[in-house]
Amino acid sequence: MGDNSDFFHRVYDLARRIPPGKVATYGQIAAMLNAPQAARAVGYALHALKPGNIDPPVPWQRVINHRGGISLPAGGGFELQRALLEDEGVIPSEDGNYDLSKYLWKDD
DNA sequence: AAAGTGACTGTTA
DNA sequence: TTAACAGCCACTT
């Protein structure tokens, strides 16, 4: 990324539109950017954000995978994301995943 | 310029 | 239902 990656910025701007209590999937963000195959790159963009999460803060915790699960390794941010979501009222089902039919952000 | 990496996904076994 | 594979994209050596 470095300084000004259009793609990264679009990902961040879009993520900032996800309201508290809702979540979006990597693929959903990618599709909204007219690049439905770039889900992996979306994750890459959010990963590059973690350390400082500078600028207008980006609610990265609201982006999960299409199965309704957190794509971070245990001990590598998984617990943090789960806690941040819980603070916003987003609670996982018994299987540990989030019910997308209930929490998925619909904007289109 | 080629090859490697990773917070993804859809398909195939 | 789970697991392995294979494309895909942006970014970094």
Side-chain angles (χ1 to χ4, degrees):
Chain A
M1 148 172 132
D3 317 307
N4 49 358
S5 166
D6 271 8
F7 183 81
F8 278 31
H9 256 297
R10 296 204 217 196
V11 170
Y12 301 153
D13 288 338
L14 214 39
R16 292 195 183 95
R17 294 175 50 192
I18 307 173
K22 289 292 178 181
V23 299
T25 68
Y26 298 98
Q28 179 184 1
I29 297 295
M32 294 175 85
L33 290 176
N34 296 311
Q37 309 310 121
R40 203 166 188 169
V42 170
Y44 195 95
L46 293 177
H47 174 257
L49 190 57
K50 286 178 73 172
N53 193 356
I54 45 183
D55 302 317
V58 177
W60 56 269
Q61 72 274 21
R62 295 175 195 154
V63 184
I64 61 182
N65 63 46
H66 73 128
R67 289 175 359 200
I70 291 177
S71 292
L72 285 175
F78 183 96
E79 293 78 5
L80 172 61
Q81 183 166 14
R82 189 179 51 182
L84 289 174
L85 286 175
E86 182 177 352
D87 288 341
E88 302 182 343
V90 180
I91 311 301
S93 307
E94 286 190 20
D95 64 357
N97 286 47
Y98 299 92
D99 184 349
L100 292 181
S101 71
K102 179 179 177 184
Y103 298 116
L104 188 65
W105 172 49
K106 287 159 249 164
D107 176 77
D108 336 69

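Quick note on labels: first sequence line is chain A, next is B, and so on, each numbered from 1. All values below come from the heavy atoms of this structure, side chains included, with hydrogens, waters and symmetry mates left out. Just so you know, these numbers come straight off a predicted model, no measurement behind them.
Side-chain contact annotation: A:S71 with A:N65, donor-acceptor N/O pair under 3.5 Å present.
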Report, one pair per line, the protein and nucleotides 4-8 of chain C atoms (nitrogen or oxygen only) whose separation is under 3.5 Å.
residue: C:dG7; atom: O6; partner: A:R40; partner atom: NH1; Å: 2.9

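Taking the side chain as every heavy atom from C-beta outward, A:V23 and A:Y98 never approach each other to under 4.5 Å.
Shortest non-hydrogen contact noted between A:P73 and A:F78 is O-CB, 3.5 Å. Between A:P20 and A:E88 the shortest heavy-atom distance is CA-OE1, 4.1 Å.
At most 12 non-hydrogen atoms from other residues, nucleotides or ligands lie less than 6.0 angstrom from CZ of A:R67. Within a 6.0 Å radius of CD in A:E79, other residues, nucleotides and ligands contribute more than 12 heavy atoms.
For DNA chain B, the outermost nucleotides in 5' to 3' order that have an atom under 4.0 Å from a heavy atom of chain A are B:dG6 to B:dG10.
Remark: A:I70 CD1 to A:N97 CG distance equals 9.0 Å, nearest 0.5 Å.
With A:R62 contributing its side chain and A:A24 its backbone, the two residues share no donor-acceptor pair below 3.5 Å.
Contact annotation for A:Y26: base contact, defined as any heavy-atom pair under 4.0 Å involving a base atom.
Between A:D95 atom CG and C:dT2 atom C1' the separation is 14 Å, expressed in whole Å.
Comparing A:N65 and A:A41 by the nucleotide of DNA chain B that holds the closest heavy atom to each, the one mapping nearer the 5' end is A:A41.
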